[in-house]
Amino acid sequence: MRKSFSERVFTIVKKISRGRVLAYKDVARLAGSPSASRAVGNILNKNREPRIPCHRVVRSDGTLGGYNRGAKKKLEILRKEGAKI
DNA sequence: CGTATGACGTGCA
DNA sequence: GTGCACGCCATAC
């Protein structure tokens with residue numbers, strides 16, 4: 001039984017190094033569906049596991065996108081990590 | 001299965 | 001550069 005798309009997304013996001021940011025589109029592509037950017041965000045939103053640095057996932061435009069704990073916090077973390085938006 | 005939802009992406013005015 | 005509309009996919013009901 002293959003892991004669900006959501007599990008793949010978690011695995012990929014967990015692999016993101018510090019200071020590195022991936023776009024939902026990129027994560028979806030790595031997950032196996034290059035156009036499932038929407039699904040990626042949807043899954044991350046419903047599953048906010050602390051082991052998942054979802055704050056390292058931003059939009060392709062370079063905008064933050066969203067964050068369950070507050071987009072403001074996300075910006076702070078990215079800024080601290082060295083990821084400039 | 002069909003409908004509804006959503007942290008998106010791209011195109012066009 | 002900004003704003004709006006359509007499309008695309010996975011999950012939940």
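Here is the naming used below: chain letters follow the sequence lines, and residue numbers restart at 1 for every chain. This one's a predicted model, so the numbers in the text were calculated from it and none came from an experiment.
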Side chains of A:Glu81 and A:Arg56: closer than 4.5 Å at any heavy-atom pair? yes
Over all strands shown, is A:Ala39 touching base, sugar-phosphate only, or nothing at heavy-atom distances under 4.0 angstrom? base
Contact class for A:Tyr24 (heavy atom, under 4.0 Å): base, sugar-phosphate, or nothing? base
Send over the distance from A:Lys25 NZ to C:dG7 P, rounded to a whole Å. 18 Å
Rounded to the nearest 0.5 Å, what separates atom NE2 in A:His55 from atom NZ in A:Lys73? 10.5 Å
Measuring from A:Ser37:OG to A:Arg59:CZ, what's the distance to the nearest 0.5 Å? 9.0 Å
With DNA chain B as reference, determine whether A:Asn42 or A:Asp26 sits nearer its 5' end, using the nearest nucleotide of each. A:Asn42
Nucleotide range of DNA chain B contacted by chain A, 5' to 3', under 4.0 Å to a heavy atom? B:dT5 to B:dT10
Do A:Leu78 and A:Val58 touch side chain to side chain, with heavy atoms closer than 4.5 Å? yes
Applying side chain to side chain contact (heavy atoms under 4.5 Å, CB included) to A:Ser60 and not counting sequence neighbours gives A:Ala23
Return the value, rounded to whole Å, for the distance between atom CD of A:Glu7 and atom C1' of C:dA10. 13 Å
Taking atom P of C:dC9 as reference, at what distance in whole Å does atom NZ of A:Lys46 sit? 18 Å
Examine C:dA10: is either OP1 or OP2 under 4.0 Å from a nitrogen or oxygen in the side chain of A:Ser33? Give yes or no. yes
Quick one: A:Ile43 CD1 to C:dC8 P, roughly how many Å, whole number? 18 Å
How far does OH of A:Tyr24 sit from CG of A:Leu44, to the nearest 0.5 angstrom? 6.5 Å
